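Single-structure report; data block below.
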Amino acid sequence: MTSPSRVLVIGIDGVRLDVLREVRTPHLDAVAAEGFLAPVRIDDATPTWSGPCWATVATGVSAARHGITHNVFTGHRLAEHPDFLTLASLAGKRTYLSVGSWEPLATAACGGPLFAAPDRVTFTSYGLDCERGDEAATVDAERELVAADYDVAFVYLGDVDETGHELGVGAEYRAAVERADARVGRLLATVRARSSYAEERWTVIVVTDHGHVDAGGHGGDSDLERTAWIAASGPGIVAGAEMGTLRHVDVAAHVYEAIGLGEAMAGLPLEGKPFASV
């Protein structure tokens, strides 16, 4: 009997790579130690806003194709370039989305949703109180991931980005990164607590969308804003592998490969490729 392959993607909004390397993040460090932590360079044609960057992560194509260039998604081409949760669901996989703060990922607000049709969507809005939103998203994911057999799940955490906007990249921002890492740890512990965990093949991908300037904010062309990152571990990912610089479009490609849909999605205009060491 083939072991089930499952993927957990955790999106943490607005985490600067240099700060990530400075603060205490034992759970992200563990993912990186079992696999890798690699920089992502946001391509010059993609604005460094959450909308276009998360759309690129979700669809596996660049902004020129998915049509999202800001945090309002009006005019998007997501019907032609659906997200990986929706396509996996259409291919017979069971998918799950948990969001607690940013509406267009999961609802029709601002031209959304980015994730069109997962099998289960949990959205709890606390407005700009992203700390409460992240807690709600994490609690729901803890309940769902331990009990249900999802093939692909995406959990979004927005507190770090909102803290950066409000307070800049200082002590509070660093504390928010550490809070996000603690939630990553809770999600990983939930996966490991599954009664069937020993028979399953889990891939974990943690990704950020963009950076921040020191004063807080993004949307410009500085290296601080255009540098993102991916940490991942799982089957086929060699611990300590040198990955070079990755692209956001690689996430969707690896998700499909990890759940056995690589060949089925070969006809799509995906721009990325599964993670492979260089």
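For this chain, numbers begin at 1 and follow the sequence in order. This structure is a prediction, so every number in the text was calculated from the model and none was measured.
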Exercise. Within a reach of under 6.0 Å around CZ of R41, are more than 12 heavy atoms found that belong to other residues, nucleotides or ligands?
Worked result: yes

Exercise. Is the F154 to F115 ring centre distance short of 6.0 Å?
Worked result: yes

Problem set entry | Donor-acceptor contact below 3.5 Å, side chain T245 vs main chain P39 | no

Exercise. Would T227 and V40 count as a side chain to side chain contact (heavy atoms under 4.5 Å, CB included) if you check the C-alpha gap in whole Å, the side-chain angles of each, and the deciding distance to 0.1 Å?
Worked result: CA-CA 6 Å; T227 301; V40 168; over 6 Å; no

For this session: Ignoring hydrogens and angles, state whether a donor on the side chain of W49 or D209 is under 3.5 Å from an acceptor on the partner side chain.
Result: no

Problem set entry | Worked check of side chain to side chain contact (heavy atoms under 4.5 Å, CB included) between L167 and Y173 | CA-CA 7 Å; L167 302 171; Y173 178 88; over 6 Å; no

For this session: Using the ring of Y150 (Phe, Tyr or Trp, six-membered ring only), decide whether R94 places NZ or CZ under 6.0 Å from its centre and within 45 degrees of its axis.
Result: yes

Problem set entry | Test item: H81 side-chain N/O and S62 main-chain N/O as donor-acceptor pair under 3.5 Å | no

Exercise. With E103, which of T107, L105, V99 fulfils side-chain contact (heavy atoms from CB on, under 4.5 Å)?
Worked result: T107

Problem set entry | Under 3.5 Å side-chain donor-acceptor pair for H210 and H218 | yes

Exercise. Would T163 and E172 count as having a side-chain donor-acceptor pair, cut-off 3.5 Å?
Worked result: no

Exercise. Are side-chain N/O atoms of D13 and S50 paired as donor and acceptor at under 3.5 Å?
Worked result: yes

For this session: Report the C-alpha distance between H254 and T203 in whole Å, list the side-chain angles of each, state the deciding distance to 0.1 Å, and finish with yes or no for side chain to side chain donor-acceptor pair (under 3.5 Å).
Result: CA-CA 9 Å; H254 195 85; T203 296; 4.7 Å; no

Problem set entry | D140 and Y96 side chains, donor-acceptor separation under 3.5 Å | yes

Exercise. In terms of side-chain geometry, is the basic nitrogen of D250 or K273 positioned less than 4.0 Å from the acidic oxygen of its partner?
Worked result: no

Problem set entry | Neighbour count above 12 (heavy atom, 6.0 Å) for R201 CZ | no

For this session: Work out which heavy atom in D83 is nearest to a heavy atom in L85; give both atom names and the distance.
Result: OD2-N, 3.0 Å

Exercise. Under 3.5 Å, is there a donor-acceptor pair between the side chain of R174 and the main chain of E22?
Worked result: no

Exercise. Are the charged groups of R194 and E199 less than 4.0 angstrom apart, N to O?
Worked result: no

For this session: Apply salt bridge (charged side-chain N to carboxylate O under 4.0 Å, His left out) to R16 and D161, showing your working.
Result: CA-CA 10 Å; R16 268 181 31 181; D161 184 63; over 6 Å; no

Problem set entry | Separation between OG1 of T190 and CG of L145, rounded to the nearest 0.5 Å | 6.5 Å

For this session: Evaluate the side chain to side chain contact (heavy atoms under 4.5 Å, CB included) criterion for residues V207 and W229: first the C-alpha distance (whole Å), next the side-chain angles of each, then the deciding distance (0.1 Å), finally the verdict.
Result: CA-CA 6 Å; V207 56; W229 53 267; 5.8 Å; no

Problem set entry | Pair S196, E200: side-chain N/O donor-acceptor within cut-off below 3.5 Å | yes

